[in-house]
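One structure is given here, and the rest of the page talks about it.
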Amino acid sequence: MRLMPSIFRNEDRKTRRSQSGKLRRRLIKAGILTATIGVFGGGGWHLIQSGWVSERIAAANASFMNATADAGLSVQDVVVSGRTRANGEEILAALDLERGSPILDVDMAAARKRIESIGWISSAEIARRLPDVIYVRGVERQPLAIWQHDGKSALVDRAGKIIQRTGLDAFSEFPLIVGEGAPHQAAQLLDLLRAYPTVANETEAAVRVSNRRWNLRLHNGIDVRLPEKNIATALDRLEEFQKEHALFDRDVIAVDLRVPDRLIVRVNPNAAIPAKARGKDT
């Protein structure tokens with residue numbers, strides 16, 4: 001994606017030679033100034049303490065960078081690749097560049113760090129393409145789920161990193177996870193649920209309990225209490241029981257799978273349920 005138009009593409013050789021001569025003159029002046037600083041700097045410690053030397057060095061560096069910009073080594077183009085969902089204007093703002101600024105004076109490490117602070121960007125590479133192009137290649141985060149906690153919602157990736165907190169309606173098809181610590185543990189559970197489509201299709205949200213284990217809240221309001229360990233074994237029992245007894249279609253409040261080799265069903269006290277759906281030893 002091209003964010004800034006190029007304006008130096010059609011320069012002729014004469015213009016380039018003129019700029020080259022100008023660069024040499026500016027560099028000579030910058031070199032004389034630097035040498036002068038060395039002479040006077042060696043003559044008095046008080047000049048260093050007063051900041052005079054550092055000011056002159058900064059001035060010399062600015063003069064040198066301005067000379068390179070005048071010779072054509074200035075930012076005129078920014079090219080970004082790898083962007084699908086990340087906002088281009090946000091990337092450009094993070095670069096914090098002005099057209100015409102010396103391209104050799106760009107702090108590449110700081111610019112990369114600012115770009116990687118953008119929610120959608122997992123990692124970034126930034127490079128100069130002389131004479132006048134800054135190239136950015138970004139790797140975007142892959143969204144995993146919508147996380148709800150303390151009344152707030154956010155889109156998170158597989159590592160639990162927050163991607164964005166607004167515009168979440170566009171991601172309503174992603175699973176819902178709830179509770180403290182849920183983003184950092186969700187990938188393993190959601191990957192596992194894909195092997196149990198009967199359960200996965202009925203699941204409305206995965207709720208993290210005390211940051212130790214999960215409950216599954218089904219669309220019909222049933223809470224499925226999963227154990228801390230051996231979740232796959234528990235889901236095997238649940239999937240089998242649903243296929244054999246249509247458990248999710250009954251007036252059930254909760255299903256507890258935390259006891260090994262046992263499925264415990266809590267029913268609505270105001271409704272009848274066949275005895276075989278109350279529990280089953282396996």
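Bear in mind that the values here come from a model prediction, so they are computed numbers and not experimental data. Excluded from the calculations below are hydrogen atoms, water molecules and symmetry mates; all remaining heavy atoms, backbone and side chain alike, are included.
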Checklist entry - Given Thr166 and Gln164, is the side chain to side chain donor-acceptor pair (under 3.5 Å) satisfied, shown in steps? => result CA-CA 6 Å; Thr166 60; Gln164 65 184 51; 5.2 Å; no

Checklist entry - Taking Arg112 for the side chain and Ile126 for the main chain, is one N or O donor matched with an acceptor at less than 3.5 Å? => result no

Next on the checklist: Distance alone, cut at 3.5 Å: any donor-acceptor contact between the side chains of Thr198 and Gln242?
Outcome noted: no

Next on the checklist: Once rounded to the nearest 0.5 Å, what's the spacing between atom OG1 of Thr233 and atom CG of Leu238?
Outcome noted: 12.5 Å

Checklist entry - Out of curiosity, Leu73 CG to Ser101 OG, how far, rounded to the nearest 0.5 Å? => result 11.5 Å

Checklist entry - Do Ser122 and Glu116 come within less than 4.5 Å of each other through their side chains, counting heavy atoms only? => result no

Checklist entry - Can Asp223 and Leu218 be said to form a side chain to side chain contact (heavy atoms under 4.5 Å, CB included), step by step? => result CA-CA 6 Å; Asp223 278 325; Leu218 305 188; over 6 Å; no

Checklist entry - Do Leu155 and Ile162 come within less than 4.5 Å of each other through their side chains, counting heavy atoms only? => result no

Checklist entry - Would you say Asp132 and Val75 make side-chain contact, with heavy atoms under 4.5 Å? => result no

Item to check | Arg129 side, atom CZ; Ile134 side, atom CD1 - distance, nearest 0.5 Å | outcome: 10.5 Å

Checklist entry - Going only through I, L, V, M, F, W and Y residues with side-chain contacts under 4.5 Å, is there a path from Leu190 to Tyr196? => result yes

Next on the checklist: Under the criterion side chain to side chain contact (heavy atoms under 4.5 Å, CB included), I'd like the reasoning laid out for Leu257 against Phe241: C-alpha separation, chi angles, the key distance, then a yes or no.
Outcome noted: CA-CA 12 Å; Leu257 296 162; Phe241 208 79; over 6 Å; no

Checklist outcome for this item: When every non-hydrogen atom of Arg237 is compared with those of Arg262, the smallest separation belongs to NH2-O, 3.1 Å

Checklist entry - Quick one: are Val139 and Ile121 in side-chain contact, heavy atoms under 4.5 Å? => result no

Checklist entry - Honestly curious: do Val207 and Val255 fall in one hydrophobic cluster under the side-chain, below-4.5 Å linking rule? => result no

Checklist entry - How close do Leu144 and Pro175 get, heavy atom to heavy atom, and via which atoms? => result O-CD, 3.3 Å

Checklist entry - Is a side-chain N or O of His184 found less than 3.5 angstrom from the main chain of Ala159, in a donor-acceptor match? => result yes

Checklist entry - Given side chains that start at C-beta, do those of Leu247 and Ile222 come closer than 4.5 Å, heavy atoms only? => result no

Checklist entry - Considering only heavy atoms from C-beta outward, does the side chain of Arg225 approach that of Trp214 to under 4.5 Å? => result no

Checklist entry - Between Arg258 and Asp256, does at least one N-O distance fall below 4.0 Å, as a salt bridge requires? => result yes

Next on the checklist: Quick check: do Arg137 and Tyr135 have side-chain heavy atoms less than 4.5 Å from each other?
Outcome noted: yes

Next on the checklist: Salt bridge check, Arg217 against Glu204: does any charged N sit closer than 4.0 Å to a carboxylate O?
Outcome noted: no

Next on the checklist: What's the separation between atom CZ in Arg141 and atom CD1 in Ile163, rounded to the nearest 0.5 Å?
Outcome noted: 7.0 Å

Checklist entry - Are side-chain heavy atoms of Ser153 and Leu168 found at a separation under 4.5 Å? => result yes

Item to check | side chain to side chain contact (heavy atoms under 4.5 Å, CB included) assessment of Ile253 paired with Val267 | outcome: CA-CA 5 Å; Ile253 297 175; Val267 299; over 6 Å; no

Checklist entry - Is there a donor-acceptor pair closer than 3.5 Å between any side-chain N or O of Glu140 and the backbone N or O of Thr84? => result yes

Item to check | Least distance between heavy atoms, Ala186 atom then Ile177 atom | outcome: CB-CD1, 3.8 Å

Next on the checklist: Minimum heavy-atom separation for Pro183 and Gly179, please, with both atom names.
Outcome noted: CD-O, 4.3 Å

Next on the checklist: Quick check on the hydrophobic clustering: are Leu97 and Ile118 connected, directly or via other members, by side-chain heavy-atom contacts under 4.5 Å?
Outcome noted: yes

Item to check | Residue pair Arg266 / Asn268, side-chain donor-acceptor N/O under 3.5 Å | outcome: no

Checklist entry - Between Ala124 and Ile115, what is the shortest heavy-atom contact and its length? => result CB-CG2, 3.8 Å

Item to check | Over all atoms of both residues, closest heavy-atom pair of Arg83 and Ile91 | outcome: CD-CD1, 3.9 Å

Item to check | Aromatic plane relationship, Phe171 with Phe174 - under 30° parallel, 30 to 60° tilted, over 60° perpendicular | outcome: tilted

Checklist entry - Could you walk me through whether Asn215 and Val224 pass the side chain to side chain contact (heavy atoms under 4.5 Å, CB included) check? => result CA-CA 5 Å; Asn215 282 355; Val224 177; over 6 Å; no

Checklist entry - Just by modelled atom types, is the Ala94 backbone N or O under 3.5 Å from a matching donor or acceptor in the Arg114 side chain? => result yes

Checklist entry - Same cluster for Val265 and Val199 if Ile/Leu/Val/Met/Phe/Trp/Tyr side chains link at under 4.5 Å? => result yes

Next on the checklist: How long is the straight-line distance from CG of Asp236 back to CD1 of Ile231, given to the nearest 0.5 Å?
Outcome noted: 12.0 Å

Checklist entry - Under a 4.0 Å N-O cut-off, is there an ion pair linking Arg158 with Asp191? => result yes

Item to check | From Glu180 atom CD to Trp147 atom CH2, the distance as rounded to the nearest 0.5 Å | outcome: 8.0 Å

Item to check | Arg85 and Asn87: CA distance, side-chain angles, deciding distance, side chain to side chain donor-acceptor pair (under 3.5 Å) verdict | outcome: CA-CA 6 Å; Arg85 291 188 168 109; Asn87 185 282; over 6 Å; no

Checklist entry - Trp120 and Val79: same hydrophobic cluster, using ILVMFWY side-chain contacts below 4.5 Å? => result no

